Student: 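Encoded as structure tokens, here's the structure I'll be asking about.
Starting from 1, each residue takes its place in the sequence as its number. Below, each value reflects all heavy atoms present in this structure, side chains not excepted, and no hydrogens, waters or symmetry copies. Computed from a predicted structure; not experimentally measured.
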Amino acid sequence: MKKSNIVILGVIAVVVFGIIFGIVSFTENWGKSRDQVDTEAAMKNLDRLYSQLNISKPTPKKDADYQDTDENAEKIAVLPDIGEYPFVVNPTTDNFLTIYSSLEKIDWLIEAANKFNQSAPTADNHPISVGIRAIPGNLGADFISSDKYRPDVYAPSSEIYGDMLIGQGVKAALVEKSLAGNLTGVVMTQKMNDDLTNKYGALNSETIIEAVLNNGLTLGYTTPLSNEDGFNFILTLLADSDSNNPLSDNAIERLRKFQDKIPFISYDIDQLKASLTGGALDAIILNHQAYTNSPNLAGHYTFVPIGIRQDNPVYEIGDLSALKKQITAQFIAFCKNPDSQKSAAEKGFNNLQDYVGAAPMNGTTILQAQEIYKKEKNGSSDLTAVFVADISGSMEGSPLLNLKASLNRAAGIIDSNTNIGLVTFSDTVTIDVPIAKFDNTQRSYFSNAVKSMRASGSTAMFDAIVVAQKNAYGRKKPQS
């Protein structure tokens, strides 16, 4: 055969191959919806990214301290030792007050407490002082209600946790409604705000919830079981659904339908904010002080106040002595003086003071609402979830302790039919607990992995998200 003929045949072969490849490429998506095509493309990209990673897959180990009992099946979280939450302000006298403070105001309260102690205050001719422990509001409430550790004074973000304690029979006396003003709201883009305003009129919790139910808004929030912003929002949803009875069947059904519209619930405020600024969410639930102190949010996103105000109340716990009651009164007065309130304002508090907020619920109703959320949090869908935990060096100290407390609390309310996994990341990514039904064995694996977390290294967050998504989607594929 002549060389020219070979060349011609080769060209023809290339052209034919190109036509066939083109036809296959063009027709492979025939009959598929746009969502199917986009999903398949995303999965291919996810597979490509996953194949490039070096992933650690140690064999899970059971927690030797985990007891395989029905009680622990409902709640595996063993309250940590109070030593994990040392004084961030040490008392300086023999007569002092121990205060559990929620975290969002801790920098301001540390400043106020140090100045108070340095002023050499006295009561009944006794030198007095205060000691502050920084403890998440929900964990502080658990310490108190379990009677494992009780402070003299409890200072949560809002009256929600204080009322819950009262509903559990704890003697908790509200002695100050507002140390520093704050409130929860919905943070969204200006465009989304304008679009929803044009459609619904003035924005409030009812219209925002309606927008989510009508697929007009993609919303994310932090878990109500360990974060007060998220809890405040769920209570608001139930109250808006039935003002006469927020625990009615209609309210619960609306909660279930709402949960079907929520793409994910975050255990970390920073990840929630990143999902908003990255475009994965249209809006998030966040308290105003955190919004104000986030440069990438304030001024670029709008804030719509909703729910019960979070004005940092103060509760006396148990039967305090007359001297300790005097210390409480003096410290509250010190926090309310003009200089302390000016400092609070500089740290993002005391804004939007004209917003009245929803009426607080009684403690019994709040406790029942929490139980309802535990049962209905998955909506009508089966749930597969992968916890992605940052254990890089930046988490050393209290951030890691707070992460462990949140994971343990979350694990304690997940039912055994849910598929749960755990991925941690620092320099590299580790699949600590592969996805499986959350039975007692899986709970024990999870408990041990959380207990074993140590902070070190840098932050491979993107890699960890890729691994978590790959494992979650792989679990949801039909088994052949």
Student: Using side chain to side chain donor-acceptor pair (under 3.5 Å) as the criterion, point out the one residue from Asn182, Thr184, Asn287 that pairs with Gln310.
Tutor: Thr184
Student: Looking at Thr207 and Ala202, what are the two nearest heavy atoms and their distance?
Tutor: OG1-O, 3.7 Å
Student: Using atom types as modelled and distance alone, determine if a side-chain donor or acceptor of Asp439 lies under 3.5 Å from a backbone N or O of Thr441.
Tutor: yes
Student: Apply side chain to side chain contact (heavy atoms under 4.5 Å, CB included) to residues Met164 and Leu367 and explain how you reach the verdict.
Tutor: CA-CA 6 Å; Met164 282 179 66; Leu367 289 167; 3.6 Å; yes
Student: Answer yes if the side chains of Asp390 and Ser392 hold a donor-acceptor pair under 3.5 Å, and no otherwise.
Tutor: yes
Student: Assert yes or no for the condition that the ring centre distance of Phe258 to Phe233 is strictly below 6.0 Å.
Tutor: yes
Student: To the nearest 0.5 Å, tell me how far Ser340 OG sits from Phe334 CZ.
Tutor: 5.0 Å
Student: Under 4.0 Å between a Lys/Arg side-chain N and an Asp/Glu carboxylate O for Glu84 and Lys404?
Tutor: no
Student: Are any side-chain N or O atoms of Gln341 and backbone N or O atoms of Leu179, one a donor and one an acceptor, separated by less than 3.5 Å?
Tutor: yes
Student: Okay, side chain of Asn95, backbone of Ile128: is any donor-acceptor separation there less than 3.5 Å?
Tutor: no
Student: What's the separation between atom OG1 in Thr218 and atom CD1 in Ile284, rounded to the nearest 0.5 Å?
Tutor: 13.5 Å
Student: Might you point out which heavy atoms bring Pro58 and Ile431 nearest each other, and give the distance in Å?
Tutor: CD-O, 3.8 Å
Student: Applying salt bridge (Lys or Arg N to Asp or Glu O under 4.0 Å), run through Glu159 and Arg309 and close with a yes or a no.
Tutor: CA-CA 8 Å; Glu159 294 179 38; Arg309 288 195 62 93; over 6 Å; no
Student: Quick one: closest heavy-atom pair of Thr236 and Gly307, and the distance?
Tutor: OG1-CA, 3.2 Å
Student: Step by step, would you call Thr92 with Phe116 a side chain to side chain contact (heavy atoms under 4.5 Å, CB included)?
Tutor: CA-CA 11 Å; Thr92 56; Phe116 178 79; over 6 Å; no
Student: I need the Thr189 OG1 to Leu281 CG distance, nearest 0.5 Å.
Tutor: 11.5 Å
Student: Grab the two heavy atoms, one from Ala180 and one from Asn312, that are nearest each other, plus how far apart they are.
Tutor: O-ND2, 2.8 Å
Student: Can you tell me if CG on Asp81 sees more than 12 non-hydrogen neighbours from other groups inside 6.0 Å?
Tutor: yes
Student: Ignoring hydrogens and angles, tell me if any N or O in the side chain of Ser452 forms a donor-acceptor pair with the backbone of Ala449 under 3.5 Å.
Tutor: no
Student: Under a 4.0 Å N-O cut-off, is there an ion pair linking Asp270 with Lys273?
Tutor: yes
Student: Tell me, do Val130 and Val153 make a side-chain contact under 4.5 Å, heavy atoms counted?
Tutor: no
Student: Would you confirm whether Ser447, through its side chain, and Arg443, through its main-chain N or O, come within 3.5 Å as a donor-acceptor pair?
Tutor: no
Student: Quick check against the 3.5 Å criterion: does Thr277 have a side-chain atom that pairs as donor or acceptor with the backbone of Ala274?
Tutor: yes
Student: Any side-chain heavy atom of Glu104 within less than 4.5 Å of one from Glu228?
Tutor: no
Student: Taking the side chain as everything from C-beta on, heavy atoms only, tell me whether Leu109 gets closer than 4.5 Å to Cys335.
Tutor: yes
Student: May I have the step-by-step check of side chain to side chain contact (heavy atoms under 4.5 Å, CB included) for Tyr301 and Asn193, ending in yes or no?
Tutor: CA-CA 9 Å; Tyr301 294 80; Asn193 183 289; over 6 Å; no
Student: Between Arg254 and Glu210, is a salt bridge (Lys or Arg N to Asp or Glu O under 4.0 Å) present by the stated rule, with each step listed?
Tutor: CA-CA 10 Å; Arg254 195 163 189 240; Glu210 195 64 26; 3.1 Å; yes
Student: Using a 6.0 Å cut-off, check whether atom NZ of Lys451 has over 12 heavy atoms from anything other than its own residue.
Tutor: yes
Student: Return the minimal non-hydrogen interatomic distance between Ile135 and Gly140, and the atom names on each side.
Tutor: CG2-N, 3.5 Å
Student: Treating Tyr373 as the side-chain partner and Leu255 as the backbone partner, does any N or O pair qualify as donor plus acceptor under 3.5 Å?
Tutor: no
Student: To check you understand the geometry: which heavy-atom pair defines the closest contact between Leu407 and Phe446, and what is its length?
Tutor: O-CE2, 3.8 Å
Student: Quick one: does Asn350's side chain have a donor or acceptor within less than 3.5 Å of a partner on Gly181's backbone?
Tutor: yes
Student: Distance from Lys325 atom NZ to Glu316 atom CD, nearest 0.5 Å?
Tutor: 4.0 Å
Student: Could you tell me if the side chain of Met453 sits less than 4.5 Å from the side chain of Met395, heavy atoms only?
Tutor: no
Student: Give a yes or no on whether the backbone of Ser129 and the side-chain of Thr93 come within a donor-acceptor separation of less than 3.5 Å.
Tutor: yes
Student: Using modelled atom types and a 3.5 Å cut-off, is there a donor and acceptor pairing between side-chain atoms of Asn114 and backbone atoms of Val89?
Tutor: no
Student: Go through it in stages, so that I can follow the logic: the residues are Ile265 and Gln259, the test is side chain to side chain contact (heavy atoms under 4.5 Å, CB included), and I'd like the CA-CA distance, side-chain angles, deciding distance and then a yes or no.
Tutor: CA-CA 10 Å; Ile265 299 168; Gln259 289 302 103; 3.6 Å; yes
Student: Checking Thr424 against Asp432: is there a side-chain donor and acceptor pair closer than 3.5 Å?
Tutor: yes
Student: Once rounded to the nearest 0.5 Å, what's the spacing between atom CG of Asn138 and atom CZ of Phe231?
Tutor: 10.0 Å
Student: With a 6.0 Å cut-off on the ring centroids, do Tyr100 and Tyr149 count as close?
Tutor: no
Student: Just so I know, are the side chains of Glu396 and Leu400 near enough to count as touching, which here means a heavy-atom distance under 4.5 Å?
Tutor: no
Student: Does some side-chain heavy atom of Tyr85 sit less than 4.5 Å from a side-chain heavy atom of Leu139?
Tutor: yes
Student: Which value, rounded to the nearest 0.5 Å, describes the distance between Lys171 atom NZ and Leu165 atom CG?
Tutor: 14.5 Å
Student: Is there side-chain contact between Gln442 and Val433, with at least one heavy-atom pair below 4.5 Å?
Tutor: yes
Student: Going by heavy atoms in the side chains, are Ile327 and Gln330 under 4.5 Å from each other?
Tutor: no
Student: Does the side chain of Asp63 pick up a donor-acceptor pair with the side chain of Ser444 at under 3.5 Å?
Tutor: no
